[in-house]
Enquirer: 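Below you will find the structure I want to go over with you.
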Amino acid sequence: MSSIVRLDSLALKAEIDLQKNLFLLQILDQTQLPHREVWLTMTSLPQMIEAIQSLRVRGAPLIGVTAALFLAGQALSGESPASLQHITQQLYHARPTAVNLMNCLTAMRSQIDNDASAQTLVDTAITLFKDDVRLCRDIAEHGSQLISNGDHILTHCNTGGLATAGVGTALGILQRAHTEGKKIHVYIDETRPLLQGARLTAWELQKWGIDCTLITDSTAAQLMRQGKIHKAFVGSDRIARNGDFANKIGTYSVAVNCHHHRIPFYVAAPSTTVDRSCLSGDHIPIEQRIAAEVRGAKGYFGDVTWAPDSVAVYNPAFDVTPAELTTAWILETGIYRHKDIEQGVFS
Ligand code: MRU
């Protein structure tokens, strides 16, 4: 029997040879999408951390799974338990908001604490990858029940195959509805400042052949007023016990606008995104990012600054949407409403 294991998703590839102690981990560099599809091989901790922090690999579930696989690769290459603990600690703090990163690394760390073999660490990371694929599939199955033929749907950021090991969360639901034959039209918020909607969601939806229109974030309210948006689906980086949740900056505005226009607003996430130790959204740590992302833009396309160099900038990567603005929470285990949250489904 072959000792080679291959993992393959839209933005992550791994090839693991347990007999030869070889581990190849590759990520699709999402900062270069949609115009360039460049795969990067992750070989060192600084490179892995840089890739997470600069959003070459991004999306709450995917950064968790990627960090776990990286750690497994380090174990297979012979790193000592002390060194693995150090690597875990560094990765744990790479980004603060997505609890999936901490959850995946905690699962790995408990194996290291138990002096587990490299093989066990590899198995644990592979399981985390495969679990995420399954969780996405189940979320999609539940969530697609909420979509009707002819729906016009707003989404924010990117929550698809580029953000998970599987088909995605909110976007996975839309893909599922599409494959079930429902005719839907998706409005994509461009998602300032790093444009995950414009660059990534637009790319994914076009790949699937789903009708879509890209809008600036500020256009959504006007479309709602015109009756052109029927539902909104978003993802999450951390859900608190009371149902408040963090997601890409701008999500709260979408929720407020939906509430005003009486439009259902759904959040989709795997249970690995629920933080049962977090009482409410007030306790979710919010990542602050550099001013240059708002003063201008920098990437494979060049470097431009449109604001005065010295202007003060406030650039939180995420915001918190209070539970009261959320119509339902879609997890792999089902669709939850306010009464379920009150009964402690996230406690
Ligand atoms: O900063 P990013 O691009 O990692 O932010 C991603 C999001 O906010 C997603 O909506 C969230 O991680 C859920 S992805 C299934």
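Indexing begins at 1, ligand by ligand and atom by atom, following the structure's order. Given the structure is predicted, the values throughout are model-derived calculations rather than measurements.
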Enquirer: Can a donor-acceptor pair be found between the side chains of D275 and S277 at a distance below 3.5 Å?
Expert: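 Yes.
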Enquirer: Heavy-atom count check: over 12 atoms from other residues, nucleotides or ligands less than 6.0 Å from H338 NE2?
Expert: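 Check passes, neighbour count above 12.
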Enquirer: For S83 and S80, does a side-chain donor sit closer than 3.5 Å to a side-chain acceptor?
Expert: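 Side-chain D/A pair, S83 to S80: absent.
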Enquirer: Compute whether any side-chain donor of one residue and acceptor of the other, for S271 and E332, lie under 3.5 angstrom apart.
Expert: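 Checked: S271/E332 side chains pair up, N/O donor to acceptor below 3.5 Å.
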Enquirer: Ignoring hydrogens and geometry, is there a side-chain-to-backbone donor-acceptor pair from T97 to D237 under 3.5 Å?
Expert: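 A pair under 3.5 Å: no.
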Enquirer: Please examine the side chains of Q30 and L62, heavy atoms only from C-beta on, and report whether any two atoms are closer than 4.5 Å.
Expert: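 The answer is yes, as the side chains (C-beta and beyond) meet within the 4.5 Å cut-off.
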Enquirer: For a quick check: using heavy atoms under 4.0 Å, what are the residues in contact with ligand 1, sorted by chain and number?
Expert: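 Protein residues near ligand 1 are L55, R58, G59, A60, P61, R95, C157, N158, T159, A163, T164, T169, Q196, S236, D237, N247, K248, F318.
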